[in-house]
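Here is the structure we will look at, set down as structure tokens.
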Amino acid sequence: MAVPLSPFVLAAQQAVAHALGTEPEMFVVGTPPNPKMGDLAVGCFPAAKALKAAPPALAAKVVESFEATEMLVSATAAGPFVNFTVNTEALFMHLAKSALGDEELIAKSPGEGKSICVDFSSPNISKQLAYHHIRSTVIGHALVNLYRALGYRVVGINHLGDWGTTHGMLLAAYHRWPPAEPLTIKTLNGLYVKFREAMKEDEGLGDEGRAWFAKLENGDEEARKLWQHFKDVSWAEFETVYEMLGIKFDEVRGESAYVDDMPGVIEMLDKKGLSSVSEGALVVMLEEEGMPPLLLRKQDGATLYGTRDLAAAMYRWNEYAFERSLYVVDRGQSLHFKQLFRTLEKAGYEWSAKCSHVPFGLVRVGGKKTTTRGGNVVLLKEVFAEATERASAKISENNPEWEAKRVADTANTVGIGAIVFANIMSQRDKDVDFDWDDILSTSGDSGVYVQYGHARCCRTLEKAGIEDLDSDVDFALLTQPQERTLGLALSQLGDVVAKAADHNDPHLLSRYLLDVVSDFSTWYTQGNQDKALRVLCEDEAMKRARLSLVAMTKAVLKEGLGILGIDAPNAM
RNA sequence: GGUCCCAUAGCUCAGCCGGAUAGAGCGACGGUUUCCUAAACCGUAGGCCGCAGGUUCGAUUCCUGCUGGGAUCACCA
């Protein structure tokens, strides 16, 4: 994937490459350990072997032949490193154009004309959305936004778990213990748990569930009608949660949508000689790959989710000709996806290489994996409610003059934003333990911290009351080291977004936003001690320049949070 | 038992194509507000980067083995 780099990073690469006569792409641009040493650092190691020279000698050579450019004003050698200092005015001019002016904040060119499928959230119907559903939902949503920000056509897919034996069990449970209407998802969830519980005692119940699923799969009218009812009830509930999170799917196509495609898939695999009957079930053997077989059809003739996933993968390819097709699903299903992709590959579909499982660690409660049937779940809405309530108290305290609705709306944004951020912030692969205090913490590294920084920017701009900050600003006045540190951080937004998308890892963006706010806060709070260092200082020209930097920061934070699926209130 | 993931400060974690003195947050201790939002900022203390080898000029980072924790291994999704 082509990664767009900031013009300053490009300039540093080119300066080194030009001096050494090598390719610019080989050099990694980093940051010197101490800001006094410079703004951008390039190690000369990659060229050492080809040029048969020691890195320090190469660094000296680069510095010797360096000539100041529009972007870079100086270069110094520090051992094997070349440290460049960027042109402050050029830096802020560039930021002003992209953050405040006509140019894009993030280049849309990488994704032009390309499609990305993102399968995320994808809960089972008839079960309540629990806290552990949030990771797929928010990571997937952030991925959708990341790719979209880079110009891709993104199809966000909710592959509802609405088919399979589980739903036969639900039908059986419904008949056994007819619940009162109107039916709620809580009732359905309860029926399922009760049925699973009863199955432990009475093995015949399993057959009953399977029989109902067979009826469903064979198009039995009563079964279909009831199943549709369960689905409607479930989706209505899911939608309220997605709305709280600001999520809209481009495609809500559950497993049931592929029922008609399955015979074709099975026939195709049969024709290619990939399927066989083993222990009474129809399978694709994957022994050579060191994997257990992928099951297509059970002994009783009912299909399995692997079959439907094959059909869904093919549907997505035929429909969207994707550049990447992502499955944001917990790590527990790694084997399943390996089997799935390998089967597609064996069937001769080269595009299977474009499919990836984006796994994430599971959420534990009390040190244990949470499962609906185990009953040790924390409902997502409960967590949202608690977070919102806590935020509400603080907001009322800070803004006693606000009307109730504004407090409530802002509390929603802050409370839910905190939870979304917390779920993106940690590395995808790590398991996380659910802890009320952790998840609701609003100090330090948190979504609230980023929102707070944004709100500070907004309030400062509001107080200044100056509109036309995109012109007549003398950036040469921004000479403080904290100002260039912040400016340099802001200039990295596009690079970070591209990298996060490339790695399918939104947490890179969340970490970046924390860094930006930290740089901003350090700079901004200098004014607490010294009025001359405030943004809203006496000197009009200085005030304009600093306000412009505040506006750029605000734009970057707003954009970044937006990509993570988090709103940024103007005050809180 | 096979496969996969994880192991960094007291706690939760960054550090991802190997590179300069390993960084944050929480907690602890000390400081900052007649306020541009203290949900903030500054400072101090705190590390055999799980253990042992290997590759390399250089390893927290790559490879192998080991230990500990977790996930998963055919009729659920």
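Naming: A, B, ... by sequence-line order, numbering from 1 per chain. All heavy atoms count here, side chains included; hydrogens, waters and symmetry mates do not.
- Screening residues 513-525 of chain A for salt bridge (Lys or Arg N to Asp or Glu O under 4.0 Å) gives no qualifying pairs among residues at least two apart or on separate chains.
- Distance check on atom C1': B:U12 versus B:G27 gives 11 Å, rounded to whole Å.
- Atom name C1', nucleotides B:G2 and B:C62: the rounded distance is 25 Å, in whole Å.
- Distances were taken from every side-chain heavy atom of A:Arg331 (C-beta onward) to each of B:A40, B:A77, B:A71; the shortest belongs to B:A71.
- When rounded to the nearest whole Å, the span between NZ of A:Lys338 and C1' of B:C5 equals 10 Å.
- When the P atom of B:A14 is taken as reference, atom CZ of A:Phe421 falls 13 Å away, rounded to whole Å.
- For A:Asn398, whose side chain is taken as the heavy atoms from C-beta onward, the closest listed nucleotide among B:A74, B:A39, B:C41 is B:A39.
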Under 3.5 Å, sequence neighbours excluded: what are the donor-acceptor pairs made by side chains of residues 435-443 of chain A?
unit_1	atom_1	unit_2	atom_2	d
A:Asp435	OD1	A:Asp437	N	2.9
A:Asp435	OD1	A:Asp438	N	3.0

Can you tabulate the close N/O pairs, meaning under 3.5 Å, that link protein atoms to atoms of nucleotides 57-60 of chain B?
none

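- Residues A:Thr553 and A:Val516 meet the side-chain proximity criterion, which asks for heavy atoms closer than 4.5 Å.
- Look at the P atom in both B:G50 and B:A22: the space between them is 15 Å, to the nearest Å.
- With rounding to whole Å, A:Leu335 atom CG is found 13 Å from B:U3 atom P.
- A donor-acceptor contact shorter than 3.5 Å is absent between the side chain of A:Asn189 and the backbone of A:Ile185.
- Taking every side-chain heavy atom of A:Ile395 into account, B:A39 is the closest of B:U3, B:A74, B:A39.
- Taking the side-chain hydrogen bond (donor to acceptor under 3.5 Å, both in side chains) definition, one finds that A:Tyr524 meets it with A:Thr460, sequence neighbours left out.
- Checked by distance alone, A:Ser518 brings no side-chain donor or acceptor within 3.5 Å of a matching partner on the base of B:A24.
- For the residue pair A:Gln482 / A:Gln526, a side-chain donor-acceptor distance below 3.5 Å is found, with atom types taken as modelled.
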Where protein sits on nucleotides 26-36 of chain B, one letter per nucleotide: B base, S sugar-phosphate only, - none, heavy atoms under 4.0 Å: S-----S--SB

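- In this structure, A:Arg511 does not reach the B:G23 phosphate: none of its side-chain N or O atoms is under 4.0 Å from OP1 or OP2.
- Using the six-membered ring where Trp is involved, A:Phe45 and A:Phe81 have ring planes that are perpendicular, over 60° apart on the 30 and 60° scheme.
- Every side-chain hydrogen bond (donor to acceptor under 3.5 Å, both in side chains) that A:Trp163 has, sequence neighbours left out, goes to A:Glu217.
- For A:Thr442, the side-chain atoms get nearest to B:A39 when compared with the rest of B:A39, B:A77, B:C16.
- A:Met169 comes within 4.0 angstrom of no nucleic acid atom, judged by non-hydrogen atoms across all strands.
- Under the salt bridge (Lys or Arg N to Asp or Glu O under 4.0 Å) criterion, A:Lys36 pairs with no residue, sequence neighbours left out.
- Minimum atom distance to the side chain of A:Thr166 is reached by B:C76, of the listed B:A39, B:C76, B:A74.
- Applying the side-chain hydrogen bond (donor to acceptor under 3.5 Å, both in side chains) test to A:Asp539 and every residue at least two apart in sequence or in another chain returns nothing.
- For residues 410-424 of chain A, the set of pairs meeting the side chain to side chain donor-acceptor pair (under 3.5 Å) definition, not counting sequence neighbours, comprises A:Tyr131-A:Asn423.
- Judged as a side-chain hydrogen bond (donor to acceptor under 3.5 Å, both in side chains), and not counting sequence neighbours, A:Tyr449 has no contacts.
- A donor atom on one side chain and an acceptor atom on the other are not found under 3.5 Å apart for A:Ser396 and A:Asn399.
- Of all nucleotides listed (B:A20, B:A39, B:A77), B:A39 comes nearest to the side chain of A:Met572.
- Every side chain to side chain contact (heavy atoms under 4.5 Å, CB included) that A:Tyr305 has, sequence neighbours left out, goes to A:Glu255, A:Arg308, A:Asp309, A:Gln333, A:His336.
- Separating the P atom of B:U3 from that of B:A74 is a span of 16 Å, rounded to the nearest Å.
- We find that CZ of A:Phe360 is positioned 19 Å from C1' of B:C13, with the value rounded to whole Å.
- Dashed line: the shortest gap from a side-chain N or O of A:His507 to OP1 or OP2 of B:G15 is under 4.0 Å.
- Spacing between B:A77 and B:A71 at atom C1', rounded to whole Å, works out to 16 Å.
- Dashed line: the shortest gap from a side-chain N or O of A:Tyr449 to OP1 or OP2 of B:C41 is under 4.0 Å.
- A:His167 places its NE2 atom 8 Å from the P atom of B:A77, with the value rounded to the nearest Å.
- Look at CZ on A:Phe213: it is 11 Å from C1' on B:A77, rounded to the nearest Å.
- Atom CG in A:Asn423 sits about 17 Å away from atom P in B:U12, given to the nearest Å.
- B:C16 atom P lies 17 Å from atom CG of A:Leu509, rounded to whole Å.
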Dot-bracket line, read 5' to 3' along RNA chain B, where crossing pairs take [ ] and | marks a partner on another strand, Watson-Crick or G-U under 3.5 Å: (((((((..((((.....[...)))).(((((.......))))).....(((((..]....))))))))))))....

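- Contact annotation: side chain of A:Asn83 to base of B:A20, donor-acceptor pair present below 3.5 Å.
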